[in-house]
There are 2 protein chains.
Amino acid sequence: MPKPPAFDLDSFLPYRLSVVAQRLSDNLARHYRAEFGISTPEWRILAHLAQSDGVSVRDIEQRIDMEKSKASRAASKLVAKGLVTKTANADDRRLLHLTLTPKGQTLLAALLPRAEAFQADLRKALGADADALMRALDNILKIDTP
Amino acid sequence: MPKPPAFDLDSFLPYRLSVVAQRLSDNLARHYRAEFGISTPEWRILAHLAQSDGVSVRDIEQRIDMEKSKASRAASKLVAKGLVTKTANADDRRLLHLTLTPKGQTLLAALLPRAEAFQADLRKALGADADALMRALDNILKIDTP
DNA sequence: TAATATTCATTGCATTTGCAACGATGTCAA
DNA sequence: TTGACATCGTTGCAAATGCAATGAATATTA
């Protein structure tokens, strides 16, 4: 009857990372939902559209690490809320253009400064470790996605 | 029609953290499932039991940040797989003791060294940033959980 | 050109998840 | 002691998720 070796889950990086990420996302999600009525996947798509408007579902899938079915459904909800429109790409009619409506732009104009402020506060609190954190995250992705 | 300010989702910390954590967890989950037939919630409970055997569902909920319904269902699956037993606490019959079976101990004896090795590799690859990363994660939790 | 293969977005389906409600047990104060 | 309240684990239910299959459009190749 082998005895399991000592193990400290709290210092296990994947676990720790997951807990912190989850907490942070959930807390933000509460704000998005309460003030703007959108979910995390919806917020991520909007944020990506702020950066590059007119992209396809496929672009979203590749650029922001979101399953295409998830992206498709979130996009449909954004359309239903009047924040985004879907139009067919003229050159390749398999592709879609997701475009911010004026209402979507207004929402982003209110939301993005808050996101920036949140991030600024966070960086300030982390001090010198903030850059190391970003570097570490990049490296983990490189290692883990061979 | 307000124009949304420029925004780079890729450098938004909650997003970045979430992507990295998800990748890492999913990759590990594939291994757990393929080699040991367990899911991430199940693995976390086992890991916690390696550390402190005989705990209740409530302990798990508090110590490893898992919804109690999730913990309850994962524990039931572990019982069904013969890795864990549930016994009633004699002093307080609302409480449960989750205890590793010999089979569960054997599985952990095989799994834990791999987890340690994985973590060691990761730390090595991160070099000096590893400690800063851990510190940063602790600090984010403190800030974000007021 | 015609036939085959690939790509894109959506949808059906099974699983997982979170929340609220529940029964059983325990605590506390009148 | 008894009655109101709290806690523990489970479960019902609706929503979210991931995967595979589908249909439409395009690319490729014989």
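In what follows, chains carry the letters A, B, and so on, assigned in the order in which the sequence lines appear, proteins first and then strands, with residues in each chain numbered from 1. Computation of the quantities below employed the complete heavy-atom set of this structure, encompassing side-chain atoms and omitting hydrogens, waters and symmetry-equivalent molecules.
Qualifying ring-ring contact (aromatic ring centres under 6.0 Å, His included) partners for B:F12, counting only residues two or more places apart in sequence or in other chains: A:W43, B:F7. In this view, A:Q51 and B:D8 satisfy the side-chain hydrogen bond (donor to acceptor under 3.5 Å, both in side chains) rule, not counting sequence neighbours. Considering only residues two or more places apart in sequence or on other chains, A:R73 meets the salt bridge (charged side-chain N to carboxylate O under 4.0 Å, His left out) condition with none of them. Residues that satisfy the salt bridge (charged side-chain N to carboxylate O under 4.0 Å, His left out) test with B:D129, not counting sequence neighbours, are A:R135. In this structure B:E35 satisfies the salt bridge (charged side-chain N to carboxylate O under 4.0 Å, His left out) test together with B:R114, sequence neighbours excluded.
For the pair A:K81 (side chain) and A:G37 (backbone), a donor-acceptor distance under 3.5 Å is present. In this structure a side-chain-to-backbone donor-acceptor pair under 3.5 Å is present from A:D59 to A:S56. A donor-acceptor pair is defined here as one N or O able to donate and one able to accept, closer than 3.5 Å; such a pair exists between the side chain of B:T106 and the backbone of B:P102. The main-chain N or O of B:I38 is never found under 3.5 Å from a side-chain atom of B:R33 such that the two would form a donor-acceptor pair. In this structure a side-chain-to-backbone donor-acceptor pair under 3.5 Å is present from B:H97 to B:G54. Within the 3.5 Å criterion, the main-chain N or O of A:L83 finds a donor-acceptor partner in the side chain of A:T101.
Extent of DNA chain D lying under 4.0 Å from chain A heavy atoms, first and last nucleotide in 5' to 3' order, is D:dA16 to D:dT26. Note that the first and last nucleotides of DNA chain C, 5' to 3', having any atom under 4.0 angstrom from a heavy atom of chain B are C:dT16 to C:dG26.
Residues from residues 33-42 of chain A lying near DNA chain C, meaning a heavy-atom separation below 4.0 Å, are absent. Applying a 4.0 Å cut-off to non-hydrogen atoms, the residues of residues 76-95 of chain B that approach DNA chain D are B:K86, B:R94, B:L95, listed by residue number. For the contact set between residues 54-69 of chain B and DNA chain C, defined by any heavy atom under 4.0 Å, the members are B:E67, B:S69.
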Contacts under 3.5 angstrom, residues 84-95 of chain B side chains, donor-acceptor by atom type, not counting sequence neighbours:
unit_1	atom_1	unit_2	atom_2	d
B:K86	NZ	B:S76	OG	3.0
B:N89	OD1	B:D91	N	2.7
B:N89	OD1	B:D92	N	3.3
B:D92	OD1	B:R94	N	3.0
B:D92	OD1	B:R94	NE	3.1
B:D92	OD2	B:R94	NH2	2.8

Do any side-chain atoms of residues 118-127 of chain A form donor-acceptor pairs under 3.5 angstrom with protein atoms, and if so which ones, sequence neighbours left out?
unit_1	atom_1	unit_2	atom_2	d
A:Q119	OE1	B:L13	N	2.8
A:Q119	NE2	B:S11	O	2.6
A:R123	NH2	A:D131	OD1	2.9

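If you check the side chains of A:S25 and A:Q22, you find no donor sitting under 3.5 Å from an acceptor. Between the side chains of B:S18 and B:R23, no donor-acceptor pair is found at a separation under 3.5 Å.
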